Every structure is written in C-alpha cells, then in structure tokens.
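For clarity, every value in this text was computed on a predicted model and none was experimentally measured.
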Amino acid sequence: MFKALGRFVVAHRWLVITSWLIAGAAVIGFAPTLTTTTDQAEFLPGHYESIQAQKIQEKEFPQGFSPSAIVVFTREDGKALEEADSRKVAEIGQFLQRKKYDKVEQVIVAPPSPRKKVQTVLVSMADVPAGDKSQQHTVVDMREDMKPLVKSTGLKAGVTGDAATAYDAEEAGKKADGLIWVGTLALIIVLMTIIFRSPTITIITIVGIVLVSQVANGLIATAAEVFHLKADSSVSSLLIVVLFGVGTDYILFLMFRYRERLRIGEDPKTAMVSAIGRVGEAIACAAGAVIVCFMALLLSSLGFLASMGPSLSIAIAVTLLACLTLIPAIISLMGTKVFWPSKAWRREARAARFGAMGNAVARRPGLFAAASGLLMIVLAVGALGYKPTFASEASADSAQESSVALHAMRQDLPAGSTSPSTVLLRSTSGDKLRGADMTAYAGRLKEVQGVGSVSRSQLSKDGRTAEFSVILSVDPNGSKAMDIVRGPLRTAAHRGAPAGTEAKVGGVTSVYVDINEAVNRDFSVVFPTAAALIMLILGLLLRSLVAPIYLMVSVALGFGATLGASVVLFQHIEGQAGLTFFLPVIMYLFVVAIGTDYNILMVARLREEAMEGLSVRQATAKSIRHAGPTVAAAGVILAGSFAAMLLANEPTLAQTGFAVAFGILISSFVMAMFFTPALTTLLGRTAWWPRRIAPTATPAPDRTDSRTPSTADRR
C-alpha cells in the first residue's frame with residue numbers, strides 16, 4: 001500500500017504540490033479565528049458542585065457584586081496609610097466610576113486593611129463570553145489612567161483580579177509562544193544542517209512545516225467552531241512544538257531511509273518509492289499511535305483536555321499526510337540536489353559508535369535489559385512524592401502587575417480575601433429561609449478549622465436562597481485551601497444545613513477541588529484506553545501478540561521515570577509546591593505516544609532485518625547500527641523542541657517542557673536504543689508470535705559501507 005502511494009506521489013509530484021498549495025490557501029483563507037479561554041470553570045461539566053453553585057449564584061443573584069478587577073493601593077515607603085491617602089484612594093475610586101469604562105458596572109472603595117497597610121477599590125464588570133477581550137482592554141485602560149493619578153502622591157497602585165490576571169497571562173503566553181517558536185526554529189536549523197550538511201533540506205523542512213502548521217491551525221479553528229469546542233490558552237504553545245518537533249522527526253525518518261536507498265544504488269525516484277514503501281508504514285503507525293492517544297482525551301471530563309485531544313490529533317494527521325505526500329513530492333522533484341552542497345550522502349559514515357552499541361546489545365542482551373530497566377525503575381521511585389498544584393502555586397509570575405498587586409494585598413489582608421469561597425444555602429421545601437437559621441448556619445461554618453471569617457453577603461428576592469462569603473485563612477489557590485474545602489468545609493456546609501434546605505460550596509478553591517477530582521477520574525479512564533489503542537496499533541504493525549505487551553511495559557517504565565525525575569527536580573531541588581495538575585496527563589500522552597514512535601521505528605527495522613534472513617542477534621546489531629542514528633537525531637530534535645518551552649520563564653510551561661523533553665530522551669536513548677532491542681533479542685523469534693519469521697532467505701549483503709552508486713552520482 002505504501003509503495004503504491006510512493007509511486008503515485010513520485011509520478012504526480014507537481015499535482016501533489018499544487019493540490020497542497022490550493023487546499024492550504026483555501027483552509028487558511030476561510031478558517032475562523034481560534035478563540036481561547038483561561039477560565040478553568042468553563043471546562044468542568046455541570047454535575048460538579050462548584051459549577052452547580054455557580055449556576056445557582058447566576059440565577060438567584062444576577063446583579064450580585066463580584067469584582068473582576070481589584071485596584072490595590074499601598075504606600076511607596078511601606079508605611080501605614082494616612083487619612084490623606086485614604087481620601088486620595090476614594091477620589092480615584094470616584095474617578096473610575098465616572099469614567100464609564102466598557103463593561104464596568106460598579107466600583108466600591110473598600111476600607112483600609114486592619115493595619116492600614118493596604119486599601120482596595122473593587123471593580124465589578126459584566127460577564128463576557130469566551131474570546132471576548134473587553135474586560136482585559138478595560139484593565140489596560142485603567143492601568144494607564146492610574147499612573148498620573150498616583151504620581152507624586154506617595155502611593156503605589158496595581159490592578160489584579162480575574163480580568164487583570166487573564167490579561168497578564170495572555171501577554172505572557174504571547175511572549176512565551178514567540179520565544180518557543182524562535183528557540184524551536186533555531187534548534188531545527190542547527191541540528192538539521194549538522195545532520196545532513198545541507199541548508200536545502202533544512203529550508204524544505206521549515207517551509208513545509210510552516211505550511212502544515214497554518215493548515216492545521218485553520219482546520220483546528222474550523223473544528224472548534226463547528227463542534228463548539230473550547231480551547232485552552234496553552235494549546236498554541238503545544239501546537240508549535242508538536243508540529244515542528246514531530247514533523248521534523250517524520251521527515252528525518254523518511255530522509256534517512258531515502259539516503260540509505262540511494263547509497264545502495266537506486267536512482268532518486270526509485271529510492272523515494274522504496275523509502276516510502278519501507279518506512280511509510282512505521283511513520284503511519286507512529287502517527288496513528290499519537291493520534292489515538294490524543295483522541296483518548298475526548299473521554300476526559302475536563303473540557304480543556306477534551307478539546308486539546310482533537311486539536312493535537314488534527315495537527316498530527318496533517319503532518320503525517322504532508323510527510324507522506326508533499327515532502328516526498330518536493331524531494332523527488334529535486335533528486336540528489338536536495339543534499340546540495342554536501343556530497344557526504346554518497347557514502348555512509350562509519351557510525352562506529354552505533355555499530356559498537358548494536359554489537360554489544362546483541363552479545364549481552366540480558367545485561368543491557370537489566371541495566372536500562374533498573375535505571376528507569378530507580379527514577380520512577382521519585383514519582384511517589386508527586387503533588388498536584390493549581391493557579392498561583394504553579395504559575396504565578398512575580399514580575400506581572402497582577403501578581404505584584406496580589407502579593408501586596410496579601411501582606412495585610414487574610415489570604416483568602418482575594419478569592420473568597422461561597423456557600424449557597426437554598427430552600428428545598430419552598431419556605432423562606434429564617435434569619436435565626438441563617439445566623440446559626442454561619443456560626444457552624446465559622447467553626448471549621450482554616451476558616452477566617454463568614455458573612456452573609458446576599459439574600460435572594462424571594463428569600464429562599466442565601467449566599468455566604470467564606471474567607472479562608474490560607475492561600476485560596478493552595479493545596480491547604482483545597483484540603484479545607486474538600487473536607488471540613490463541604491462537610492459542615494452539607495450536614496449543617498437546616499432542615500428543608502441544601503447547600504452548595506462554590507468559588508475558585510471549590511473549582512480546583514473538582515478539577516482535581518476530574519483529573520483523578522481521567523487517570524483511570526484515559527490512560528488505559530490510550531494504552532489499549534496503542535497496543536492494538538502495535539499488534540497490527542508487528543503482526544504479533546507478544547511484542548506489544550513488552551513494548552508497552554517499556555513505555556510505562558519511561559513514563560514513571562519521567563514523572564519521578566520531574567518531581568525530584570521541581571519539588572525537591574527547586575522547592576516548588578508541586579507539579580501543575582494536568583502535567584501527568586500531558587506527559588503520559590506525549591511520552592507514551594511519542595516514545596512509542598521510537599520503539600516502532602526500531603522494532604519495525606529489527607523485524608525487517610529478521611525477515612531478510614538475519615538471525616535475531618544479527619538483526620538487533622544491524623537495526624541499532626542503521627536505525628540508531630535516526631532515533632538519536634529525532635530524539636534530540638524533538639526533546640530540544642519541547643525544551644524550548646523553558647525559555648518562556650513560566651513555571652507551567654517550564655514543567656511541561658522539561659518533563660516531555662526528558663521523557664523523549666529516555667524513550668529514544670534508553671528504551672528504543674537498549675531496553676526494547678535487548679528484550680526482543682532475549683525473546684528471540686517468540687517476540688513475533690503467533691507470526692513465524694524464519695531465516696528462509698539468504699541475507700542480503702550490507703553494501704552501504706563503501707559503494708558509491710554510479711546512477712545516483714550522475715544525478
């Protein structure tokens with residue numbers, strides 16, 4: 001099938017290239033804009049308590065005051081605010097109210113903090129749909145207007161709150177995307193030029209992937225609009241590294257085999273047909289493993305993961321199609337000129353290291369299997385200390401104005417005052433709530449350890465729903481706050497509700513509690529489903545029931561080693577509170593799916609050599625010698641692409657970049673290079689059971705060492 005595809009692409013290369021250009025222009029030109037959101041509550045389904053509380057709040061208190069922005073005032077000298085300072089703050093609050101900013105509904109000047117170190121102005125804004133930036137634009141306008149108002153007053157002002165945090169996060173994301181894009185591009189240029197010693201291949205790779213990325217983004221935006229998918233703001237950063245990293249990997253797989261076929265004497269057109277025929281199945285299965293792994297995210301109960309799955313799957317599918325059609329068409333059009341100005345493609349490098357590695361693994365497979373397996377097990381032990389973190393614990397950037405203002409606010413106000421929890425008490429009997437019951441209920445909530453204060457903030461018009469504001473004594477975004485809300489607060493709220501009423505606990509901390517529960521649920525559903533689908537693909541590729549089992553065992557060890565190394569680095573060495581809550585899911589998908597790519601490439605080559613008539617040990621040695629450089633180069637480029645996320649100086653992206661990069665290096669240099677070939681050698685031909693691969697043919701001579709094909713030379 002893949003050989004037939006290769007013949008079609010080579011024979012109709014101009015048709016293939018033209019079709020790509022026309023289709024690409026149509027998709028890019030007519031695709032809608034992809035909108036993203038940073039509101040995690042939008043990604044939870046309605047059966048979670050925090051969302052139920054939010055729905056009650058929106059229904060019963062549509063005009064309720066909830067600050068979208070908080071202006072924080074402190075003195076520049078750090079001293080307590082004086083009467084004149086408070087009067088100035090009040091004047092500024094009145095100015096903000098008169099200004100009539102877009103979406104601003106109400107402005108309230110709060111009294112100074114207990115020690116008078118901080119005073120705030122609370123700004124309530126109208127709700128906006130996902131993708132609407134009007135609240136963020138208002139924050140920008142307020143910040144600009146604030147500068148002359150506090151100049152020469154001795155006061156400092158900073159805007160924080162949800163709208164300000166969302167704006168700062170988006171700006172940081174744009175900066176991160178730029179740094180990641182530049183870093184990834186520079187890495188690919190350097191490594192591809194070193195590997196092939198040809199700027200031509202590098203240019204084709206970059207231009208091809210840029211086109212693919214634009215087409216993929218257009219299709220993703222179209223799918224999001226048609227199927228009403230919500231995209232998280234982190235998708236754009238992941239798309240950059242996925243498209244450039246994985247795309248470069250697949251081009252490497254193809255180019256290494258194309259160059260190998262040229263070296264044994266085939267003309268460029270025949271070499272490309274042979275390359276697609278021999279490596280096309282491995283590339284397709286590798287991409288298929290990644291796609292099904294990403295599509296398994298549709299089973300996630302978290303909207304941003306469920307949306308991320310199709311987005312990344314579309315990107316991989318478009319990349320696969322391009323690497324099997326567009327790139328081969330361009331290369332076959334150029335022939336051997338694609339390697340210009342280098343002539344090194346004519347003869348194989350000695351590859352002494354990979355040859356020696358292959359011989360060593362073939363001679364002592366037990367030693368290499370045990371050593372590489374033990375290394376991954378030791379690293380995996382660190383995963384036992386994994387702790388999930390949310391919001392400011394994982395991603396606060398102290399350089400952002402919203403973070404600076406938030407930190408100042410917490411210096412003299414209860415930690416939980418920045419994001420109070422809400423308890424909604426609702427009558428189920430149809431009777432109005434009684435004042436004595438509500439007072440007693442507030443007292444029971446106040447008795448919960450970790451609760452700083454409780455106040456009844458609102459009562460609905462019909463008198464049947466009351467809202468209580470619960471301020472915690474700890475950071476509302478931290479793990480301690482989550483423990484309080486998850487356990488004693490919800491328990492007290494539910495059990496302490498008066499007869500004929502029910503209670504729901506909402507607020508940011510409650511949302512994080514429910515997200516954590518959703519992630520734990522996803523671990524038990526998404527992971528096994530993805531593993532089962534990958535094993536099915538491996539079984540179809542290798543026509544074996546045995547090989548998929550130990551290949552997935554190796555990938556599981558790689559995942560454990562990656563998580564363990566990340567825990568040790570970020571939690572123990574850097575002293576961070578934990579790893580961002582969705583990292584294990586992302587890591588599992590990338591490390592498992594992409595790690596399987598390298599196993600597929602190596603084991604498929606090993607099976608190919610065995611079918612040529614080599615013994616298992618000979619096939620192992622030759623596979624590592626020939627496929628080893630491909631796996632190593634692909635691993636370095638893909639790991640480097642994800643490592644470029646470290647340039648963003650944003651903790652969540654840094655954790656993701658390191659974890660996936662480390663996992664890919666483990667996959668390529670430990671699993672695919674040593675562990676998997678060693679296990680295959682130990683199992684012998686049992687690895688292919690129930691299919692029989694017997695050495696019925698005479699092994700073909702390995703002519704790639706010294707022969708320089710005259711046909712290829714002429715071209």
Side-chain angles (χ1 to χ4, degrees), residues 40-41 44-61 64-66 301-302 387-388 390-391 414-522 524 581:
Q40 300 298 339
L44 277 171
H47 67 271
Y48 284 101
E49 182 171 348
S50 60
I51 304 303
Q52 292 175 355
Q54 180 178 304
K55 297 299 182 184
I56 295 172
Q57 192 174 30
E58 291 172 353
K59 178 183 178 181
E60 300 296 339
F61 308 105
F65 183 86
S66 178
S301 55
L302 285 173
K387 294 179 182 178
F390 296 78
S417 61
T418 56
S419 297
S421 293
T422 56
V423 177
L424 282 300
L425 184 67
R426 183 170 59 172
S427 172
T428 56
S429 63
D431 298 330
K432 291 184 177 182
L433 298 175
R434 295 188 304 171
D437 288 341
M438 289 186 286
T439 301
Y441 184 67
R444 286 190 284 272
L445 295 178
K446 180 66 176 67
E447 293 173 358
V448 174
Q449 186 174 3
V451 171
S453 65
V454 178
S455 61
R456 194 187 79 196
S457 53
Q458 298 180 85
L459 183 67
S460 62
K461 291 182 178 180
D462 61 8
R464 295 186 177 93
T465 305
E467 179 189 68
F468 296 86
S469 178
V470 180
I471 297 179
L472 304 178
S473 58
V474 296
D475 179 5
N477 299 315
S479 56
K480 291 181 180 178
M482 290 175 58
D483 291 338
I484 293 169
V485 171
R486 182 190 295 111
L489 181 57
R490 281 187 174 177
T491 300
H494 298 159
R495 294 180 181 177
T501 66
E502 66 172 2
K504 300 292 182 183
V505 180
V508 171
T509 309
S510 188
V511 168
Y512 292 149
V513 168
D514 290 339
I515 287 176
N516 191 47
E517 181 182 338
V519 170
N520 291 335
R521 175 261 178 199
D522 290 348
S524 63
F581 70 95

Who pairs with [X] by side chain to side chain contact (heavy atoms under 4.5 Å, CB included), at least two apart in sequence or on another chain?
X: S429; value: S427, D431
X: E447; value: none
X: K446; value: V454
X: N516; value: P388, F390, M482, R486, N520

**Message:** Considering only residues two or more places apart or on different chains, which pairs with a residue in residues 472-511 satisfy ring-ring contact (aromatic ring centres under 6.0 Å, His included)?
**Reply:**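 Those involving residues 472-511 do not exist here.
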**Message:** Applying ring-ring contact (aromatic ring centres under 6.0 Å, His included) as the test, list every pair that has at least one member in residues 463-485; sequence neighbours left out.
**Reply:** Y441-F468
**Partner residues of E58 under the side chain to side chain donor-acceptor pair (under 3.5 Å) criterion, sequence neighbours left out** = Q54
**Request:** Could you tell me which residues satisfy side chain to side chain donor-acceptor pair (under 3.5 Å) with T509, sequence neighbours excluded, listed by chain and number?
**Result:**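 T509 satisfies side chain to side chain donor-acceptor pair (under 3.5 Å) with no other residue.
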Closest non-hydrogen atom pair between [X] and [Y], with its separation:
X: I56; Y: L424; result: CG2-CG, 4.1 Å
X: T465; Y: L459; result: O-CD1, 3.4 Å
X: P420; Y: I471; result: CB-CG1, 4.3 Å
X: I51; Y: G46; result: CG2-CA, 3.9 Å
X: G450; Y: I484; result: CA-CD1, 3.7 Å

**Prompt:** So, does S510 use its side chain to make a donor-acceptor pair with the main chain of G507 at under 3.5 Å?
**Reply:** no
**Asked** Quick check: does any side chain N or O of D514 sit under 3.5 Å from a backbone N or O of Y48, one acting as donor and the other as acceptor?
**Response** no
Provide the full list of salt bridge (charged side-chain N to carboxylate O under 4.0 Å, His left out) pairs with a residue in [range], sequence neighbours left out, each pair given once.
range: residues 432-441; result: R434-D437
range: residues 455-465; result: D462-R464
range: residues 494-512; result: R426-E502

Report yes if the side chains of [X] and [Y] come closer than 4.5 Å at any heavy-atom pair, otherwise no.
X: V423; Y: L445; result: yes
X: L472; Y: V451; result: yes
X: T422; Y: V470; result: no

**Between CD on residue E467 and OG on residue S469, distance to nearest 0.5 Å** = 7.0 Å
**Request:** With sequence neighbours left out, write down each residue that passes salt bridge (Lys or Arg N to Asp or Glu O under 4.0 Å) with E49, or none if nothing qualifies.
**Result:**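 In terms of salt bridge (Lys or Arg N to Asp or Glu O under 4.0 Å), with neighbours along the sequence ignored, E49 is linked to R490.
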**Asked** Run the side-chain contact (heavy atoms from CB on, under 4.5 Å) check on D522 and S301 step by step: do they pass?
**Response** CA-CA 7 Å; D522 290 348; S301 55; 3.4 Å; yes
